[in-house]
Amino acid sequence: MGAYSGWVHRIHELINHWYRNHARQLPWRSAEASPWAIMVSEFMLQQTPVNRVLPVYTQWIARWPEPADLAAEPLSEALIAWGRLGYPRRAQRLHAAAVEITRSHGGKVPGTEAELRALPGVGDYTAAAIACFAFGEPTVVVDTNIRRVHARLFGGAALPEPHPRASEFRRAREVQPSDRHTANLWNISVMELGALVCTARSPKCDECPVFAQCAWIAAGRPEPHYTPKGQSWAGTDRQVRGEIMAVLRHSPEPVPAASFLEDLTGAPAAEYTGLQKLNAPLEQRQRALAGLIQDGLAMQSETLVHLPR
DNA sequence: GAAACGTGGAG
DNA sequence: TCTCCAAGTTT
């Protein structure tokens, strides 16, 4: 903690107290949520809003309550159950992680950051989050919500830097409560504050428990010093990949590769969901399909394409 | 380190 | 309508 430990301690109290009174009731926060359930939620929540995760999460946990349950299934089942959550490689990596946990960790999610970090699809954030939320470790959790709260509250800036800097993680460690239990609560409390109050656009400062302590408020709420560059989407390979995956998820049988590659203009009504949307240039459709196969999200045997088993 | 990687709700 | 953005990871 540093020279301003007393001041930061007051902020710990205010934000943690706010969390106790305002936190959402989410299934992965219940006392019954297993480490595996929490791990599943963390995978699904990567770059994906809570409201869209909720229904998929519930069905996933009911169907595969332990890592070994998922590990026993072919990858195709995970990809289908993932539905339209987006970034299907997360489902692929979650499946791979379940296999690894079953094989090397006795079927139990490991409890240390280092062990978690070694699993497929688990980066610095997810390892810290699982260790904290599932095992009570006082790790330093840094996600997009926490980065934004720190940038405003401690940094006086409207937004964090486009790319995380080393100084951000140093500051996160400095403001971390020294007490184990307080630190554990702090991680989720700051994240929730960022999600509900200290939001990216139009933050609800009148509801903020640390309004009086906020450096951004004190500075007069200056504008961001950069303009975020939007994520391109229309016409990208990602869009075409998504459409191909949608077809494969809905098709009970392998799909002729030609149906993805041939010119669909004027073709009879598509046999598979979404197929008629595949109006991208031939070269792009070829590239997207090849990419999916390269990434192990699809397989091709002879002229047929199917989900990987 | 930049770029790629899905999807759909909100403003 | 269109842009922004949501509990990131991997190459």
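Because only heavy atoms are used, hydrogens play no part in the values below, and waters and symmetry mates are left out as well, while side chains stay in. Please read all numbers here as calculations on a predicted model, not as lab measurements. Just so it is clear: chains get the letters A, B, ... in the order the sequence lines come, proteins before strands, and each one is counted from 1.
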Side chains of A/E161 and A/Y226, donor plus acceptor under 3.5 Å: no
Covered region of DNA chain C, 5' end to 3' end, by chain A [heavy atoms, under 4.0 Å]: C/dC4 to C/dT10
5′-ward residue of the pair A/Q46/A/N51 relative to DNA chain B: A/Q46
All N/O contacts under 3.5 Å from nucleotides 7-9 of chain B to the protein, with atom names and distances to one decimal?
residue: B/dT7; atom: O3'; partner: A/R84; partner atom: O; Å: 3.4
residue: B/dT7; atom: O2; partner: A/R52; partner atom: NH2; Å: 2.5
residue: B/dG8; atom: OP1; partner: A/R84; partner atom: NE; Å: 2.5
residue: B/dG8; atom: OP2; partner: A/R84; partner atom: NH2; Å: 3.1

Sequence neighbours excluded - ring pair (Phe, Tyr, Trp, His ring centres under 6.0 Å) pairs with any residue from residues 155-184 of chain A: none
Joint cluster assignment, A/L248 & A/L94, ILVMFWY side-chain distance < 4.5 Å: no
A/R165 CZ: over 12 foreign heavy atoms closer than 6.0 Å: no
DNA chain B contacts among residues 107-142 of chain A, heavy-atom distance under 4.0 Å: none
Sugar-phosphate, base or nothing in reach of A/W82, heavy atoms under 4.0 Å: nothing
Pairs involving residues 58-95 of chain A, ordered by first then second residue, that meet ring pair (Phe, Tyr, Trp, His ring centres under 6.0 Å) (sequence neighbours left out): A/W60-A/W64, A/W60-A/W82
Nearest atoms (heavy-atom pairs only) where A/A81 meets A/V56: O-CG1, 3.5 Å
Neighbour count >12 (heavy atoms, 6.0 Å) for atom CZ, A/R24: yes
Touch class at under 4.0 angstrom, heavy-atom based, for A/T144 against every strand present: sugar-phosphate
Separation of B/dG6 P from A/I80 CD1 (nearest whole Å): 17 Å
Gap between atoms CZ and C1', on A/R287 and B/dA4 respectively (whole Å): 12 Å
Connected via hydrophobic side-chain network under 4.5 Å: A/L79 and A/V255: yes
Euclidean distance for C1', C/dA7 against B/dA2 (whole angstrom): 23 Å
Apart from A/V99 itself, residues in the same hydrophobic cluster as defined by side-chain heavy atoms under 4.5 Å: none
Atom C1', compared across C/dG8 and B/dG1: separation rounded to whole Å: 16 Å
Sugar-phosphate only, base, or nothing, as touched by A/R29 at under 4.0 Å among non-hydrogen atoms: base
Rounded P spacing from C/dT11 to B/dG6 in Å: 14 Å
Spacing of A/I244 atom CD1 relative to B/dG6 atom P, expressed in whole Å: 11 Å
Aromatic ring pairing A/H22/A/W18, orientation class (parallel under 30°, perpendicular over 60°, tilted between): parallel
Residues, nucleotides or ligands: over 12 heavy atoms within 6.0 Å of A/E13 CD: yes
